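Note sheet for the following structure.
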There are 2 protein chains.
Amino acid sequence: MSTQPNTTHKYMLVAKMLIKNIQSGQLVDGERLPPERVMATEMEISVTTLRKALRLLEDDGMLIRRQGSGNYVNARGDPQNRYALFRIEKLSGPGHPKSQLLDVERLRKSDHQLPNFGTSDHAFRIRRLRSLDDMVCVLEEIWLDEDSATNITADTVTESLYQFYRESLGIWIRRVEDRISVSPLPDWCPAELACEPGQIMGFVERFAWGNGQEPIEFSRNWFDPETSRYVARLS
Amino acid sequence: MSTQPNTTHKYMLVAKMLIKNIQSGQLVDGERLPPERVMATEMEISVTTLRKALRLLEDDGMLIRRQGSGNYVNARGDPQNRYALFRIEKLSGPGHPKSQLLDVERLRKSDHQLPNFGTSDHAFRIRRLRSLDDMVCVLEEIWLDEDSATNITADTVTESLYQFYRESLGIWIRRVEDRISVSPLPDWCPAELACEPGQIMGFVERFAWGNGQEPIEFSRNWFDPETSRYVARLS
DNA sequence: AGGAATTTGTGCGTATGTATC
DNA sequence: AGATACATACGCACAAATTCC
């Protein structure tokens, strides 16, 4: 299979370019973009296409659009808050997020107990520890279907995974389903988390879809609901 | 303030009409809709407008669109699964959902400890018990800003709240933010829930946005994470 | 197996409505 | 009140995926 991601679509390219401009600081927080017609003319695209791209950014929380006013950069949607769609907060409020990569491996799905997702029989497993204000608070295990990504290594994965998907793999996560309950911490949990394996934790299972019909990603998160909470932003 | 909801927009009317047809059984599960161009001609609207309406249904999970194939009714997205965006599942899988209305009251926000939402100083409080396969499993408290709804009573509220918003209030929930942690069960919990007040439960706080800039709804859910899990579908 | 027909997706240009300043 | 700027709506052309003969 291995259908190559459609980086060919113009609105995707435009959206990625805009994001790049925001991230590189060319567009600062709160700044108003030029009018859509002006931007469209400058970029030599139609207003419709530009608007489609702007919609993507809006869904991602990086842009706030106001009729009659303008399109405003919401940098909080990206740098501070690298996990736009869902994130962990301390109960007292948001904190500065960081993530520490544990390992990246290419594995055969059937060798692990996994639900059905994707089309390949292999997947990349990414394990991370996430922290807020230097307090380690989430253990994360992500499975990305191989058909959506070739040659993922520890070097190539960046801090914001969905940004990595967009920029390196050409994948825009369009739909997600989270199942939240409780689950014992697995035994591969590193000591930094300051919880013991077997301890009951908040638990999130996630399926994520790109453009196709079936999920390309499956992931599991463990977090301590006594000190932090899970935030899902649906849009 | 009290800007009346824009039920005047053509794509909204079209979407509501389609939903009505699906819910009334005129369109059955799995059925393929006529081609977009045909439908558009019959309804005397442009394909663009129809497509915008179809997209809303797709986001709501009631429609599955396949390029080169057609638009298919996904009745699972509504009747069985009345709470499309987020729902409670038993750990063993989905069950048949029902809800029992406890009370509806119009209250002054400042008399209760509530976060900021909406523009009015009053809100309607809706309390419900939700069950799966006749097992009561969720206690629900919803606050809907008065500026978005006038004259809500126990008689007018229907089983699917967001359907009620759409059909009676002309509000399409476009964005939602959920905060999930744990919390003690409040003391107004009825005995049917079979948990004692003070018992630690799974806890979801939710803000919901319509078209405007600030949330029109705030709600709290308590659920037992030992027997059920919370599902959030982001799209 | 292969090619034509069907059907949705992308992209363009334009006109009008509506909220904001 | 007028200007500005995004939202809605229309019609068309071509691309891509699917279906069917």
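In this text, all values refer to a predicted model and were calculated from it rather than measured experimentally. Sequence lines set the chain letters: A, B, ... in the order given, protein chains first and strands last, and positions in each chain run from 1.
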From the set D:dT8, C:dG17, C:dG9, return the single nucleotide nearest to any side-chain atom of B:Gln67. C:dG9
Whole angstrom is fine here: how far is it from CE in A:Met12 over to P in C:dG9? 14 Å
May I have the distance from A:Arg66 (atom CZ) to D:dA7 (atom P), rounded to whole angstrom? 12 Å
Could you say whether A:Ser69 or B:Arg51 is positioned toward the 5' end of DNA chain C, judged by the nucleotide with the nearest heavy atom to each? B:Arg51
Distance check needed: C:dT8 C1' versus A:His9 NE2, whole Å only. 12 Å
N or O in side chain of B:Lys52 less than 4.0 angstrom from D:dT8 OP1/OP2: yes
CG of B:Leu50 versus C1' of D:dG11: gap in Å, rounded? 14 Å
Do any of residues 32-48 of chain A sit with a heavy atom less than 4.0 Å from DNA chain D, and if so which? A:Pro35, A:Glu36, A:Arg37
Check this for me: does any side-chain nitrogen of one of B:Arg229 and A:Glu205 sit under 4.0 Å from a carboxylate oxygen of the other? yes
On the nucleotide C:dC12, are OP1 or OP2 found under 4.0 Å from the side-chain N or O atoms that A:Lys10 carries? yes
Taking A:Glu36 first and then A:Arg65, would you say they form a salt bridge - that is, a charged N and a carboxylate O separated by under 4.0 Å? yes
Charged N to carboxylate O below 4.0 Å: is that the case for B:Arg206 and B:Asp178? yes
Does the pair A:Arg179/B:Glu89 count as a salt bridge with the N-to-O cut at 4.0 Å? yes
With a 4.0 Å limit, can you tell me whether B:Asn71 has a side-chain N or O closer than that to the phosphate oxygens OP1/OP2 of C:dT8? yes
Taking only N and O in the side chain of A:Tyr11, is any of them less than 4.0 Å away from OP1 or OP2 of C:dT10? yes
For the residue pair A:Tyr230 and A:Phe223, does the interplanar ring angle fall in the parallel (under 30°), tilted (30 to 60°) or perpendicular (over 60°) class? parallel
In whole Å, I'd like the distance from the CZ atom of B:Arg65 to the P atom of D:dA17. 16 Å
To the nearest 10 degrees, what angle separates the axes at the start and end of the helix from C:dG2-D:dC21 to C:dC21-D:dG2, five pairs each? 20°
Between B:Tyr11 and B:Lys16, is there a cation-pi geometry (under 6.0 Å to ring centre, at most 45° from the normal)? no
What residues form a salt bridge (charged side-chain N to carboxylate O under 4.0 Å, His left out) with A:Arg106, not counting sequence neighbours? A:Glu146
Atom pair distance, as rounded to whole Å: CD1 in B:Ile64 and C1' in D:dT18: 16 Å
B:Arg55 has an atom CZ; how far is it from atom C1' of C:dG9, in whole Å? 11 Å
Please determine, by modelled atom types, if B:Thr119 and B:Asp147 share a side-chain donor-acceptor pair under 3.5 angstrom. yes
Think B:Lys109 forms a cation-pi with B:Phe117, using NZ or CZ under 6.0 Å from the six-ring centre and within 45 degrees of its axis? yes
